[in-house]
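Below: the structure, in C-alpha cells.
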Amino acid sequence: MDVDSRLLRSFLAVAEEGSLVRAAERVFVSQPALTKQIRQLENRLGVRLFTRSRTGMALTDAGRELARRAPEVLAAWDDALRAARAAGRRTARVLRVGFVASAANEATPGIVAEFARRRPGWRAELRQAAWTNPSAGLADGEVDAALLRLPFPGQAALRVEVLFSEERWVALPSTHRLAGRAEIAFRELWDEPFVAAPPETGAWRDHWLAADEREGRPVRVGAVTEQPDDWLSAIASGYGIALAPESAARFYARPGVVYRPVTGVSPSRVAVAWAPADDHNPVVRDFVRCCLDLARTP
C-alpha cells in the first residue's frame, strides 16, 4: 500500500495544530480539502486517526503512533528528494532561484550576472512563484535559493538574510476618491475593501493587509488573487485597493492603476533565503554572497 507524502504532511499539520482551520493555513489548502485528505488517509490505512469534536481534533491511539513515526519518514524522503534534485542541477551546472513578484528589484540582473562571473559555466535560473507559494519553492526543495518578501510561512525553518527594505505604498483605481492625493495616511484606508492573497498564505497575506497595524479594525476583502496580473485587474476594476512595495509603481505600472505613498504602515523587507542543508554548499554560498554584496542596504 502506497501513501502519498502529501497526506502524511496534512495529517501531521492537524496532529500538531489540533485544529483543521489552523492546519489548513499551514499547509496552504482549504479546510474542506484538508478534511478530505484526512479521510482519504484514514481509508487507506483502515484506521481512525482522529476523534472530532467542537473543541478540535484529538489523536486516537493509531493517530498518536503515526504522529510519532511520520516525521522521521518525511524527513528521510525530503532529504532523498532534495539530494536527487540537487545532484541533477549540479550536473547541469544550474542554480535554481525562486522569487515572488519583482524579486530583488533592479538589483536582480546584477546579482545573476555577478554569480555567473564568480561561477564560470554556471547559470542562475530564475523561477517565479505564485503568491500561494510565498517561499517560491524553497520549502519543498524545488529551488536552491530564493529572493523573497518577508514574512512568509515556514520562514523559521530556513536561513534568511535581509537585503533591503522599501516603503509600502498603496495601489488604487485611477478613479478612486484618493487617487489625486500626493500621500495617504493608512488610517484613511482602513474601511476600504482590499485585494488580498489567498487565506492559506497566512502571515504573507496578513502583512500585505497590514492586519496588525489597524488598531483592531477588521479587514474588508473585496477580491482574492494569486498572480500580479489578476491583482492589477482586480484593482483597476474597482474591486479593492492593495498595499504594495514602492517598486511596484515601476514594475507593475498599468493604465487604470495608480500608486501613492502611505504613512503609518511599516516597510516591506526583501531577503535571500536557503535551506539549512545548504549551509556548506559552495555554489549556494556564492549566490548568497552576490546578493549581500549587490543588494543589501549599507
Side-chain angles (χ1 to χ4, degrees), residues 98-110 126-134 136 147-152 163-271 295 297:
F99 72 97
V100 176
S102 54
N105 297 348
E106 287 86 353
T108 305
L126 294 176
R127 295 192 161 198
Q128 186 172 19
W131 293 338
T132 46
N133 183 8
L147 295 166
L148 304 170
R149 294 272 172 179
L150 306 182
F152 61 89
L163 301 177
F164 60 88
S165 64
E166 61 177 314
E167 296 302 315
R168 280 188 285 178
W169 285 22
V170 64
L172 304 159
S174 57
T175 56
H176 194 277
R177 60 185 176 83
L178 298 176
R181 296 269 289 274
E183 187 177 82
I184 302 169
F186 183 50
R187 64 174 51 250
E188 295 183 76
L189 304 172
W190 284 352
D191 294 327
E192 295 282 337
F194 272 66
V195 179
E200 57 266 28
T201 58
W204 165 270
R205 170 187 167 108
D206 289 346
H207 176 74
W208 290 107
L209 294 173
D212 293 336
E213 300 178 66
R214 294 172 174 266
E215 297 182 9
R217 189 72 62 91
V219 178
R220 290 180 59 202
V221 175
V224 174
T225 63
E226 58 182 78
Q227 294 285 359
D229 285 347
D230 295 337
W231 178 79
L232 286 167
S233 293
I235 295 169
S237 298
Y239 291 115
I241 65 173
L243 292 176
E246 177 185 353
S247 57
R250 303 188 299 274
F251 285 91
Y252 295 106
R254 174 175 173 153
V257 176
V258 298
Y259 297 88
R260 296 290 182 262
V262 176
T263 60
V265 67
S266 61
S268 167
R269 293 180 298 157
V270 174
T297 302

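Side chains are part of it too, since the values below use all heavy atoms of this structure and drop only hydrogens, waters and symmetry mates.
Donor-acceptor pairing under 3.5 Å is lacking for the side chains of Ser233 and Asp230. Checking Thr263 against Glu183 by side-chain atom types alone, no donor-acceptor pair falls below 3.5 Å.
In this structure a side-chain-to-backbone donor-acceptor pair under 3.5 Å is missing from Ser237 to Ala234. A donor-acceptor pair is defined here as one N or O able to donate and one able to accept, closer than 3.5 Å; no such pair exists between the side chain of Glu167 and the backbone of Pro261. Within the 3.5 Å criterion, the main-chain N or O of Ser247 finds a donor-acceptor partner in the side chain of Glu166. With Arg214 contributing its side chain and Val219 its backbone, the two residues share no donor-acceptor pair below 3.5 Å. Arg260 places a side-chain N or O within donor-acceptor distance of the main-chain N or O of Ala179, the cut-off being under 3.5 Å.
Under the 4.5 Å side-chain criterion, counting only non-hydrogen atoms from C-beta, Trp208 is not in contact with Phe194. His207 is not listed as a side-chain neighbour of Arg269, based on a closest heavy-atom distance of 4.5 Å or more.
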Show, in sequence, the C-alpha distance, side-chain angles and deciding distance for Val265 and Val170, and conclude whether the side-chain contact (heavy atoms from CB on, under 4.5 Å) test is met.
CA-CA 10 Å; Val265 67; Val170 64; over 6 Å; no

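Taking a 6.0 Å sphere around CZ of Phe186, one finds it holds more than 12 heavy atoms contributed by other residues, nucleotides or ligands.
The pair Arg205-Glu226 does not count as a salt bridge, with every side-chain nitrogen at least 4.0 angstrom from each carboxylate oxygen. Checked for salt-bridge contact, Arg177 and Glu188 miss the test: no charged N lies under 4.0 Å from a carboxylate O.
Trp131 and Trp204 have tilted rings, their planes meeting at an angle from 30° to 60° on a 0 to 90° scale.
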